[in-house]
Amino acid sequence: MINIKFPDGNVRQYEPGTSAFQMAEGISSGLARNVVSATVNGQLTDRDLPLTADATMVFHTWNDDKGKETFWHSTAHLMAEALEALYPGIKFGYGPANENGFFYDVEPPNGESISTEDFPKIEKKMIELARQKNDYVRREVSKEEAVAYFTKKGDEYKLELLETLEDGTITFYTQGEFTDLCRGPHIPNTGAIKAVKLMKVGGAFWRGDDSNKQLTRLSGISFPKAKDLTEYLHNLEEAKKRDHRKIGKELELFMFSEKVGAGLPMWLPKGYQLRQRLANYLEKKQEAAGYQQVATPHIGKKELYVTSGHWDKYGEDSFQPIKTPREGEEFLLKPMNCPHHCEMYKFRPRSYKELPLRLAEFGTVYRYEQTGELHGLSRVRGFTQDDAHIFCMPEQVKAEFIAVVDIVQEVLGMVGFDDVTAQISLRDPQTPDKYIGTDANWASAEQAIIDACKEIDIKTVTAYGEAAFYGPKLDFMVRDALGRQWQLGTVQVDYNLPDRFELEYVGSDNEMHRPVMIHRAPFGSMERFVSILIEHTAGKFPLWLAPEQFAILPISERFNDYARNVQKQLAEHDIRGLVDDRNETIGRKIRDSETQHIPFMLIVGENEVAAASVAVRVQGEGDKGTMTLPEFAAFFCEQLVL
RNA sequence: GCCGAUAUAGCUCAGUCCGGUAGAGCAGCUGAUUUGUAAUCAGCCGGUCGGCGGUUCGAAUCCGUCUAUCGGCUCCA
């Protein structure tokens, strides 16, 4: 008998050769019906694989991530089968599941291309094949046999993948007419796939390397119930409605102009208000935390960035230097604020008594982002960082780091992000040449971040290879109202720039010491942050940030004067808003205020004038009844703190 | 930068396949209406069909190129 341990701690005994599926059958028929794969001793496997030794066992169904992965991976094979039937001779690259379905990178035969117009016929074929309920059959093959198979088929991509595999570890999966090199696992048969939808077609470099050939990536999603697909498509529509590019236009927050240039956002009055309110709020917080605001120019001599190392690392891919006409001196558009701040540190000799020195700047920087990467406000070529650099003694790093994380959490909470995760971004040990600085400095910087995180109440994940080239980072990620995760600001511990700029301070021992720098930007960039805020709130900003907090809607033009009077009185209480004095019906004015997501509508007519009051309507909720101005101000303040 | 697609009025979009010099709704303007909780009515204005070049008697439509945008890939100090 073998002992199988389940996640709840129970251990059950089974005959050797029992499969995960058979074990599930013994537990409940419902579980058995739904189980698609299992994790056995930490290894994802087919549900029908017989177990021969003691093991830990986790069942996977459609309702967990691993189960979805199995389901979608199997759908990728189903799509491949359909493609092979429709495009004989098509070659296959890499075809896994991802967080949002599955994809397969393929090379269509004879230089043919596959476009969205071909999706319906591929989907139709997939459903047709799914209905055949073909089993996914696993088979262990020798390397020799595998090579022979794909040589005969003429699929050089699979042959290249085979090169990296050891003989004895190679498995094929076959369903229907299609056989693929695959580690598995797969769902038992294609019949479980009830709904499929191809979503995207695009290019993808073979093995993610842009010097390689580009394959066609076909992405899609599938579900065990047709209803799930409908719901998924509906959610996509919701996300589309929240697209910050669309809302930014509708609410007149920002714009782009072909003439000004790609990736160069221009903030319209309402958007600028929003952005400034965020900036002012953060600036206040920072001043309270001992930061000092500074300002630096938009360009700097190339030498500055040669010293910092940025020129060497990013120079080639940046906006190229500006030359002075007579002297031929070279200047760069500022891609980073830190070198300027380092020079500020060197303004005069520093004593340990003035550390930590915290220099903050809403600094606008310019980076030559690749054309294909530009995206609304979230990826641009000119943006303003809510940047600050903390120069401190090594023994102060941890406390400073913790203080920074506190500010970040408070600020993110204030604008409505409750679900914050911190990603500890470390060096990739495999590619040391991507980074500058000594191993010792890297080790202490990484340790400082890890230690600080242990003392802070925050969810963390660790990611190798995500560090900046000069130091490790703590990256903040938030989950928005639709459950999507976004990366915002970062905190970075840096031993390198102080070295490169030869920063020093006089210690209490009267000796020269090197300070440590902490880079930090809670929002990251104002542009990106606002784009995420727009999508999170769908344009219905927190009251304190709303460009207009109320709209006064007079029933007819006769009440415009009273409306302006109300506006003036509210302004005295720092409540801002507009009077809609157009010659329109009240229904129209309400509709327009609603679509502009103005939080409060104050309707004024004969009754309100007589009673010195306003009829309050809350955006998205409706009529709240009549209030006097003091009553409304109190009501407003109540909403403001919520 | 690479692959694929798109670009028509301020906005959203027809018209392009099959070449014969543009159309709707909204917005704007003017007038009427003076309105009680999500679009009052009427009239008018508005486009070198993204830029440039080519094919053609003739190009929004076909071809090339550039720019911008969209979806991916690669990248992200």
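Chain identifiers are assigned alphabetically (A, B, ...) following the order of the sequence lines, protein sequences preceding nucleic acid strands; residue numbering begins at 1 within each chain.
- Using atom C1' as the reference point in both B:C76 and B:G50, the two lie 29 Å apart (nearest Å).
- Nucleotide B:A38 holds its P atom 8 Å from the CD atom of A:Glu594, rounded to whole Å.
- With both ends at atom C1', the span from B:U16 to B:A59 equals 11 Å, rounded to whole Å.
- Computed from coordinates, the A:Gln596 CD to B:A38 P distance equals 17 Å when rounded to whole Å.
- Annotation: salt bridge (Lys or Arg N to Asp or Glu O under 4.0 Å) contacts of A:Glu107 (sequence neighbours excluded): A:Lys213.
- A search for salt bridge (Lys or Arg N to Asp or Glu O under 4.0 Å) contacts involving A:Arg617 returns A:Glu594, not counting sequence neighbours.
- Across the protein-nucleic acid pair, A:Asp210 atom CG and B:C2 atom C1' stand 8 Å apart, rounded to whole Å.
- Taking atom P in both B:G72 and B:C45, one finds a spacing of 43 Å when rounded to whole Å.
- Remark: A:Tyr464 OH is loosely packed, at most 12 non-hydrogen atoms of other residues, nucleotides or ligands lying under 6.0 Å away.
- Not counting sequence neighbours, A:Thr431 has no partner by the side chain to side chain donor-acceptor pair (under 3.5 Å) test.
- Counting non-hydrogen atoms under 4.0 angstrom, A:Ile603 reaches a base of the nucleic acid.
- In this structure, CD of A:Glu316 is placed 15 Å from P of B:G1, rounded to the nearest angstrom.
- Side-chain contact check for A:Trp486 and A:Asp480: at least one donor-acceptor pair (N or O, by modelled atom type) lies under 3.5 Å.
- Going from the C1' atom of B:G46 to that of B:C26 covers 14 Å, rounded to whole Å.
- Per the geometry, CD belonging to A:Gln320 stands 13 Å off P belonging to B:G1, to the nearest Å.
- Both distances falling under 3.5 Å, in either a Watson-Crick or a G-U wobble arrangement, place B:U30 opposite B:A42.
- Projected onto RNA chain B by closest heavy-atom contact, A:Ile114 and A:Asp623 fall at different nucleotides, the more 5' of which corresponds to A:Ile114.
- Judged by Watson-Crick or G-U wobble contacts below 3.5 Å, the nucleotide B:U69 has B:A5 as its partner.
- No donor-acceptor distance shorter than 3.5 angstrom exists from the side chain of A:Asp580 to the backbone of A:Ile552, with no hydrogens or angles considered.
- Aromatic pair A:Phe92/A:Tyr104: ring centres closer than 6.0 Å.
- Between A:Asp580 atom CG and B:U35 atom C1' the separation is 13 Å, expressed in whole Å.
- If you check B:C73, B:U37, B:G72 against the side chain of A:Arg617, the one that comes closest is B:U37.
- Each of A:Glu557 and A:Ile590 lies near RNA chain B, and the nucleotide nearest A:Glu557 is the one positioned closer to the 5' end.
- The residue A:Lys200 sits close only to the backbone: its heavy atoms come under 4.0 Å of sugar-phosphate atoms, none of a base.
- As the counterpart of B:C17, no nucleotide is assigned, since no Watson-Crick or G-U wobble pattern has both distances under 3.5 Å.
- Rounded to a whole angstrom, the distance from the C1' atom of B:G25 to that of B:G51 is 29 Å.
- Taking the side chain as every heavy atom from C-beta outward, A:Gln487 and A:Phe476 never approach each other to under 4.5 Å.
- Remark: P of B:G72 and CZ of A:Phe205 are 15 Å apart, rounded to the nearest angstrom.
- Between the base of B:C2 and the side chain of A:Gln214 there is a donor-acceptor pair shorter than 3.5 Å.
- Looking at residues two or more places apart in sequence or on another chain, you find no side chain to side chain donor-acceptor pair (under 3.5 Å) involving A:Glu548.
- We find the OG-CG distance between A:Ser444 and A:Asp439 to be 10.5 Å, quoted to the nearest 0.5 Å.
- Taking atom P in both B:C17 and B:C63, one finds a spacing of 10 Å when rounded to whole Å.
- The main-chain N or O of A:Lys434 is found under 3.5 Å from a side-chain atom of A:Lys313 such that the two form a donor-acceptor pair.
- When ring centroids are compared, A:His73 and A:Phe103 stay outside the 6.0 Å threshold.
- Applying the side chain to side chain donor-acceptor pair (under 3.5 Å) criterion to A:Arg381, with sequence neighbours excluded, gives no partner residue.
- A:Asp210 is linked by a side chain to side chain contact (heavy atoms under 4.5 Å, CB included) to A:Phe205, counting only residues two or more places apart in sequence or in another chain.
- Between the P atom of B:C73 and the OH atom of A:Tyr94 lies a distance of 13 Å, rounded to the nearest Å.
- Remark: the separation of the P atoms in B:C66 and B:A5 is 16 Å, to the nearest Å.
- Residue contacts shown for A:Glu606 include a base, since a base heavy atom lies under 4.0 Å away.
- The base-pairing partner of B:A59, taking Watson-Crick or G-U wobble contacts with both distances under 3.5 Å, does not exist among the strands shown.
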Could you pull out the protein-nucleic contacts involving nucleotides 12-16 of chain B (nitrogen or oxygen on both sides, under 3.5 Å)?
from: B:U12; atom 1: OP1; to: A:Lys249; atom 2: NZ; distance (Å): 3.3

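- Nucleic acid contact for A:Gly605: base, since at least one base atom lies under 4.0 Å from a heavy atom of the residue.
- With a cut-off of 3.5 Å on both Watson-Crick or G-U wobble distances, the partner of B:C11 is given as B:G25.
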Listing time: all N or O pairs from protein to nucleotides 75-77 of chain B that are below 3.5 Å?
from: B:C75; atom 1: O2; to: A:Arg379; atom 2: NH2; distance (Å): 2.8
from: B:C75; atom 1: N3; to: A:Arg379; atom 2: NH1; distance (Å): 3.2
from: B:C76; atom 1: O2; to: A:Arg379; atom 2: NH1; distance (Å): 3.3
from: B:C76; atom 1: O2; to: A:Arg379; atom 2: NH2; distance (Å): 3.3
from: B:A77; atom 1: O4'; to: A:Tyr314; atom 2: OH; distance (Å): 3.3
from: B:A77; atom 1: O2'; to: A:His310; atom 2: NE2; distance (Å): 3.4

Please write out each protein N/O paired with an N/O of nucleotides 68-70 of chain B under 3.5 Å, distance rounded to 0.1 Å.
from: B:C70; atom 1: OP1; to: A:Arg245; atom 2: NH1; distance (Å): 2.8

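- Residues satisfying the salt bridge (Lys or Arg N to Asp or Glu O under 4.0 Å) test with A:Lys302, not counting sequence neighbours, are A:Glu330.
- Comparing B:U21 with B:U34, their P atoms sit 46 Å apart, to the nearest whole Å.
- In this structure, the side chain to side chain donor-acceptor pair (under 3.5 Å) partners of A:Asp592, at least two apart in sequence or on a different chain, are A:Arg582, A:Arg588.
- Side-chain N/O atoms of A:Asp581 and A:Asn560 include no donor and acceptor closer than 3.5 Å.
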Distances for protein N or O near nucleotides 25-31 of chain B N or O, under 3.5 Å:
from: B:A27; atom 1: OP1; to: A:Arg588; atom 2: NH1; distance (Å): 3.3
from: B:A27; atom 1: OP1; to: A:Arg588; atom 2: NH2; distance (Å): 2.2

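- Among the heavy atoms of the strands, none lies under 4.0 Å from A:Gln487.
- The phosphate of B:U40 has OP1 or OP2 within less than 4.0 Å of a side-chain N or O from A:Thr585.
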